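Step one of this worksheet: look at the structure below.
Excluded from the calculations below are hydrogen atoms, water molecules and symmetry mates; all remaining heavy atoms, backbone and side chain alike, are included. For clarity, every value in this text was computed on a predicted model and none was experimentally measured.
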Amino acid sequence: MGCLVTAAILTAPGVAHAADNLPPRQPLVQDLQTGTKACATGEQKAYVSEPPTLRAVLYDPEEDNQPAQANLVSGEFEAWWTDADGAEQRRTYTTSETLSGTRQLWRMPEDVPANTVVSWHVRAKDGTAASAWSSEGDGSHCEFVYDDVSPEKAVVTSPDYPEDQWQDGVGVYGSFTMDSPSDDVAQYVYSFLGGPQLTARPAELGGPVTIRHLPLKTRPDQLSVRAIDRSGRSSTTTTYGFLVKSGRAPVAHWTLADAAGSTAAAAETGPAAGAGSGVTFGASAPRGTALPSVASLDGSSHAFLTPAASAVDIGRTFAVSAWARPAQTDRNMAVAGQDAGDSAAFELGLRTRDEGPVWSFTVGGVRITGGTPETGEWAHLLGLYDKETGRAQLYVNGHEVGTSTEATPAETAGAFQIGRSRNGDGYRDRWHGEIGDVRAYDRVVAPAEITELAYRRPTLLGHWSLETATGGVSPEQSGKAPLTLGPGASIHRGPDGSCLPELDPDCPFVPYPLVGDGHLQLDGETGYAASESAVVDTSDSFTVGVVVRLADAEPAAPMTVLSQAGEHTDAFKVRYDPSIHSWQLVMPQRDEAGAPEVVAAQIEAADGGEGQGHRLAVVYDDATDRIKLYLDGYTNADATATLPNGWHSSGALQIGRAKAGDGWGEYLRGDVDEVQAYAGALGDGDIGRLGWGTDPCLC
């Protein structure tokens, strides 16, 4: 207490206090700490790596007849131990007075012996009276051991990935055992190359720990480990290097690219798959893949392929993948699966719901769904069951969809099926559409591998460098359909080198082209260039790039640099809107005048006829239903939007104008160069190389 009151002294066992002053409260064990560890004794006592700071929260009763700010207490700490000669040693320390409820500290002296059990307790004092010791009554003293020796470094072994040896491989789990010779190791802190730092604890103090690791990349890898003892001391780092091979090939693989008239699908690996009479080979494969052709199934009871044998062990990790294009989406259909008695052990396919069709992967009665199947649209599907985690996952077009879910496969293994699913004594969910490149794996397929399996290489449809024009026609680089120049459009050529303006005052100044030896110049009134017919299929993934420079710093109205129209409106257009100082990608949701539009935008000031212009690119990825507008190789959240269903446009590609009612409008005043069009969605890395006079997918 800050104020003392003279009164008769009352007595209590071991405590004296004034009549108007209650003694401080007995410190509670839960309010005591050894360093940062809770007060404990016996097997639970604290182990520390240095002489600790003892901590206690002490209280003076609020019933004292004093202002709250006057309730001051100090702490009296006492510690004791038995030294090497068997003599008891004691140390005491009294803190300064602080407010009731404040943490009191005692930094233990440096002469605290190592590897010795040290006990301590504390009591509170208010200048008149003292509380009971924290160890009295129902309380307890605290114990700790100061450990001044770090553990020995861990030894790492692995039967699956021996040190410095190439081993199989990506997607295959391996065991790694960490063991330190020290008997007081409480945990191991470890990390694999490029991965997070993790912690593993042995079942018994000082025991070994075995972890499981899934390599996801083909490369030299390493495991770094530190042993941590119960005091928190760390060993030096052990580095265990091992070499990871690429993921092993599928255990079964049918491209389904067999010759027309074949009655069975030859296997890249595994047995051939016999085909029912409802299967026709020689159908068109998904563009941009290495498949020359695929199989078409008519949805009848004869539309199936099977090797009449199991492809995977469903009691272990497995994956199945395929390219699939449904001819209808209004009923359940199976792409691939495997029998389990009179049911399906797993099924990869299409399911119908009230809100629309979805892709699905079913394992042991558990179904994961995601992605939106569209009639006549290709999708790459991969279903994965990981025995180690007990979870199933579904990937559509290289992206995980739905939510990974715990699943338990059936125990019975039956025949692998393509295009149908087992149901009782027969089959159901017959596939109607195309299927190709069916694969079955006995391992995890890594995310990078899934992306590669689903990748469709964009195809160059046209590259117009706009450096020359003969008879009002500017050629395509490889001889494909040219662009026809309208009135108000011309090709600007750079200096011919006959004179130098900086040396000859009579030499006229001629601006250099945006890229290469020339560019298209448009007058903003009637100038444009157009292809003979549609260039990109706007209902499928496409990419169009252009270099553009606006002639005005403050254009009076919106101007379009690229568009391709349908019957009533543009399927897409890239324009500059001066009212919001932005480049915009505009894609109407339907071929109707006034249809709702999806817009992606990039803010940028108009050029005013100066500089090297900007490299714009529009990307529509039908697999993910995303549109993106890139400005100088970059995009952002505002320049990305969702377009669930692109529609097919039959109009020609327009440079410098857009559809306006029954005619044309939004004519561009400025310069245009390097128009490039692709079937397929270019990735971020390739987009950055557009507009420099090269074709990124062909370099």
Side-chain angles (χ1 to χ4, degrees), residues 1-42 44-83 87-113 116-146:
M1 296 276 306
C3 299
L4 303 180
V5 179
T6 303
I9 302 298
L10 303 178
T11 59
V15 178
H17 54 86
D20 293 332
N21 179 72
L22 297 174
R25 297 176 185 173
Q26 179 183 6
L28 300 177
V29 171
Q30 57 262 38
D31 291 335
L32 311 182
Q33 287 182 298
T34 302
T36 59
K37 299 181 179 181
C39 172
T41 61
Q44 304 302 315
K45 60 181 171 288
Y47 282 79
V48 294
S49 59
E50 60 182 5
T53 296
L54 308 184
R55 306 170 190 268
V57 180
L58 307 178
Y59 296 92
D60 199 31
E62 296 178 0
E63 292 82 359
D64 281 1
N65 297 319
Q66 300 294 333
Q69 61 268 25
N71 285 18
L72 301 175
V73 290
S74 62
E76 182 181 357
F77 290 85
E78 183 178 50
W80 63 94
W81 64 87
T82 302
D83 65 17
E88 183 180 81
Q89 301 292 326
R90 285 186 178 266
R91 301 287 187 275
T92 60
Y93 176 76
T94 300
T95 68
S96 301
E97 284 188 327
T98 60
L99 289 174
S100 172
T102 304
R103 191 180 300 277
Q104 309 275 8
L105 307 177
W106 178 24
R107 171 70 178 179
M108 292 294 291
E110 294 296 326
D111 67 347
V112 172
T116 300
V117 177
V118 178
S119 302
W120 68 275
H121 59 188
V122 64
R123 64 180 178 177
K125 302 174 72 174
D126 64 7
T128 300
S131 73
W133 288 100
S134 58
S135 57
E136 293 184 56
D138 293 333
S140 172
H141 67 276
C142 310
E143 293 180 340
F144 70 86
V145 175
Y146 161 42

Within a strict 4.5 Å, meaning less than it, do heavy atoms of the [X] and [Y] side chains meet?
X	Y	answer
Thr41	Ser140	yes
Asp111	Arg91	yes
Glu76	Trp133	yes
Phe144	Val112	yes
Val48	Val145	no
Thr34	Leu54	yes

For a quick test of reading the model, state the closest non-hydrogen atom pair linking [X] to [Y] and the distance between them.
X	Y	value
Ala79	Val118	CB-CG1, 4.3 Å
Pro24	Pro61	CA-CD, 3.7 Å
Trp81	Val117	CB-O, 3.5 Å
Tyr59	Gly101	CE2-CA, 3.5 Å
Asp126	Val73	CB-CG1, 4.4 Å
Ala130	Pro23	O-CB, 4.0 Å

Which value, rounded to the nearest 0.5 Å, describes the distance between [X] atom [atom1] and [Y] atom [atom2]?
X	Y	atom1	atom2	answer
Thr53	Arg103	OG1	CZ	11.5 Å
Ser119	Glu143	OG	CD	4.0 Å
Thr95	Phe77	OG1	CZ	6.5 Å
Lys45	Cys142	NZ	SG	13.0 Å
Trp120	Met108	CH2	CE	9.5 Å
Arg55	Arg107	CZ	CZ	9.5 Å

Practice item. Check salt bridge (Lys or Arg N to Asp or Glu O under 4.0 Å) between Glu88 and all other residues, then give those that pass, not counting sequence neighbours. Key: Arg90
**Study point:** For Asp138, salt bridge (Lys or Arg N to Asp or Glu O under 4.0 Å) partners two or more places apart
**Key:** none
Exercise for review: Kindly determine whether Trp80 and His121 satisfy side-chain contact (heavy atoms from CB on, under 4.5 Å), including the steps that lead there.
Suggested key: CA-CA 9 Å; Trp80 63 94; His121 59 188; 3.6 Å; yes
**Study point:** CA sep, side-chain torsions, deciding dist, call: Ser131, Arg25, side-chain contact (heavy atoms from CB on, under 4.5 Å)
**Key:** CA-CA 6 Å; Ser131 73; Arg25 297 176 185 173; 5.9 Å; no
